[in-house]
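None of these values were measured; they are calculated from a predicted model. Residue numbers start at 1 and run along the sequence shown. Atoms considered below: every heavy atom in the structure, side chains included; atoms not considered: hydrogens, waters and symmetry mates.
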Amino acid sequence: MGQAKIYYDSDADLGVLNNKKIVFLGFGNQGSAQAQNLRDSGIPNDQILIANRVDSYAETAKAKGFHVEHDFATAAEVADVLFILIPDQVQPRVFNEQFSPKLKSNATIVVASGYNVFFNLLKFQPGQDVVMVAPRMIGSSVRSLHEKGRGFPCFVSVEQNGTGKGLDAALALSRAIGATKQGAIASSVREETMMDLFAEQALWPNIIMMFREAFNVLKDAGCSDEALCYEMWMSKEPAEIFERAADDGFVAQLKHHSTVSQYGQLSGSLKLEGGAMREHFKDILYNQILSGKFCQAFSQIEDDLDKEGDTNPLNGLYKRSEEMELVKAEKRVRARLAGLL
């Protein structure tokens with residue numbers, strides 16, 4: 001694929017949203033940020049409705065001056081635009097059972113994650129527009145950058161163009177939440193889901209494994225828990241490196257390191273052929289992610305993720321991870337330095 005198209009403020013017409021009732025399903029991290037940004041962009045408060053169950057998030061929405069509806073069927077009936085901003089694992093149940101039957105036949109449905117659309121887990125009517133407006137930052141940054149008059153990276157796409165005006169709506173909504181100020185990148189739910197799941201199931205698991213094994217090797221060589229934890233992550237040096245990479249370039253940031261470090265990292269990385277790792281990554285991408293194998297397996301445990309204790313499979317994974325020497329050592333260090341951290 002070549003270069004992606006990038007959309008800016010000049011490509012979007014906020015007038016598309018005139019007199020549209022915009023409903024946010026969920027007022028969590030992203031819902032709160034995007035709803036406030038939308039209102040700051042000139043969308044009247046009376047056009048915005050927060051659909052949320054009775055909980056602290058609903059109370060926060062009320063405290064910020066938003067209208068809140070606890071009855072999802074009522075919210076669905078009035079929605080011209082619906083942002084789905086609740087966790088991926090509960091979206092099919094909530095949307096398909098409580099929103100889909102009541103939504104207008106020409107409503108615009110907005111997702112910030114491509115997962116459920118890509119795997120066909122949500123039920124849409126043929127005349128509806130289904131678009132993705134997906135900020136690539138956590139909600140607090142989406143909000144703070146907008147307040148500073150800056151934009152943030154965002155993916156945008158039209159997945160179903162029922163009205164023929166899906167792109168107009170997607171760009172207007174992107175601009176309204178502040179995404180086109182820096183540039184909204186044309187993408188797709190396939191691309192977003194593929195990269196998101198690949199990072200979670202291929203890239204970061206290997207990074208965790210490498211840290212785990214590096215820790216074990218250095219500990220066996222006589223390094224202390226304290227020295228290892230601070231050298232490898234607690235000093236926040238890795239975070240600073242990634243921040244420099246974002247600002248200066250993935251490789252160019254090495255110039256901020258010592259000459260010894262630059263030479264060691266560049267010569268060492270260029271010696272690694274990477275073929276076995278590439279095949280491992282391809283296996284995960286094609287046979288686990290794009291094949292739908294992970295989605296099917298995850299769907300079978302979704303209900304268990306709300307349970308307490310060891311019956312929750314996620315809790316079981318955390319319990320297993322506590323057996324890693326890296327985790328045990330970090331607990332000892334944090335307990336010893338509790339008053340200093």
**Q** Any chance you could pull the hydrophobic cluster mates of Val251, using side-chain heavy atoms under 4.5 angstrom and chaining through other members?
**A**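 Cluster partners of Val251: Phe250, Leu254, Leu266.
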**Q** Indicate whether any N or O donor in one side chain lies under 3.5 Å from an N or O acceptor in the other, for Gln265 and Ser261.
**A**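 The answer is yes; a qualifying pair exists.
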**Q** Does any donor atom in the side chain of Thr163 or Asn106 lie under 3.5 Å from an acceptor atom in the other side chain?
**A**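 No, no side-chain donor-acceptor contact under 3.5 Å.
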**Q** Which residues pass the salt bridge (Lys or Arg N to Asp or Glu O under 4.0 Å) test with Glu192, not counting sequence neighbours?
**A**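 For Glu192, the residues satisfying salt bridge (Lys or Arg N to Asp or Glu O under 4.0 Å) (neighbours in sequence not counted) are Arg136.
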**Q** Is it the case that one hydrophobic cluster holds both Phe99 and Leu85, taking links as side-chain heavy atoms less than 4.5 Å apart, direct or via other members?
**A** no
**Q** Does a side-chain N-to-carboxylate-O contact under 4.0 Å join Arg336 and Glu226?
**A**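 Judged by the 4.0 Å cut-off on N to carboxylate O distance, Arg336 and Glu226 do form a salt bridge.
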**Q** Please output the side-chain donor-acceptor pairs of residues 281-291 that fall under 3.5 Å, not counting sequence neighbours, one pair per line with the distance.
**A**
| from | atom 1 | to | atom 2 | distance (Å) |
| --- | --- | --- | --- | --- |
| Asp283 | OD1 | Asn287 | ND2 | 2.6 |
| Gln288 | NE2 | Gln201 | OE1 | 2.7 |
| Ser291 | OG | Asn287 | O | 2.9 |
| Ser291 | OG | Lys293 | N | 3.3 |

**Q** Just grab all the side chain to side chain donor-acceptor pair (under 3.5 Å) pairs involving residues 211-221, residues at least two apart or on different chains.
**A** Lys219-Asp225
**Q** One thing to verify: whether Arg190 and Glu159 come together as a salt bridge, which I'm taking to mean a side-chain N less than 4.0 angstrom from a carboxylate O.
**A** no
**Q** For residues 24-34, which residue pairs pass the side chain to side chain donor-acceptor pair (under 3.5 Å) check, not counting sequence neighbours?
**A**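 Residue pairs with at least one partner in residues 24-34: Gln30-Gln34, Ser32-Gln36.
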**Q** Could you work out, with side chain to side chain contact (heavy atoms under 4.5 Å, CB included) as the rule, every residue matching Ile207, not counting sequence neighbours?
**A**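 If we apply the side chain to side chain contact (heavy atoms under 4.5 Å, CB included) test to Ile207, skipping adjacent residues, the hits are Leu203, Trp204, Met210, Phe211.
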**Q** Ignoring hydrogens and angles, write down the donor-acceptor pairs under 3.5 Å from the side chains of residues 45-53, residues two or more places apart or on other chains.
**A**
| from | atom 1 | to | atom 2 | distance (Å) |
| --- | --- | --- | --- | --- |
| Asn45 | OD1 | Arg39 | NH1 | 2.9 |
| Asn45 | ND2 | Gly65 | O | 2.8 |
| Asp46 | OD1 | His67 | NE2 | 2.8 |
| Gln47 | NE2 | Leu17 | O | 3.2 |
| Gln47 | NE2 | Lys20 | O | 2.8 |
| Asn52 | OD1 | Phe27 | N | 3.1 |
| Asn52 | ND2 | Asp55 | OD1 | 2.8 |
| Asn52 | ND2 | Asp55 | OD2 | 3.3 |
| Arg53 | NE | Asp55 | OD2 | 3.4 |

**Q** Which pairs, with at least one residue in residues 292-326 and sequence neighbours excluded, count as a ring-ring contact (aromatic ring centres under 6.0 Å, His included)?
**A** Phe294-Phe298
**Q** Identify, with sequence neighbours excluded, every residue that meets salt bridge (Lys or Arg N to Asp or Glu O under 4.0 Å) alongside Lys331.
**A** Glu322
**Q** If you link ILVMFWY side chains whenever their heavy atoms are less than 4.5 Å apart, which other residues fall into the same cluster as Ile138? By chain and number, please.
**A**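 ILVMFWY cluster around Ile138 holds nothing else.
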**Q** If you look only at pairs with a residue in residues 145-195, which of them pass as a ring-ring contact (aromatic ring centres under 6.0 Å, His included), with sequence neighbours excluded?
**A**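 Listed by first then second residue: nothing to list.
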**Q** Is Glu147 salt-bridged to Arg143, cutoff N-O under 4.0 Å?
**A**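 Answer for the salt bridge query: yes.
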**Q** Run through the side-chain heavy atoms of Ile, Leu, Val, Met, Phe, Trp and Tyr, join any pair under 4.5 Å, and report what else lands in Val54's cluster.
**A**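 Under the 4.5 Å side-chain rule, Val54 groups with nothing.
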**Q** Can you confirm whether more than 12 heavy atoms, excluding those of Lys165, are under 6.0 Å from its NZ atom?
**A** no
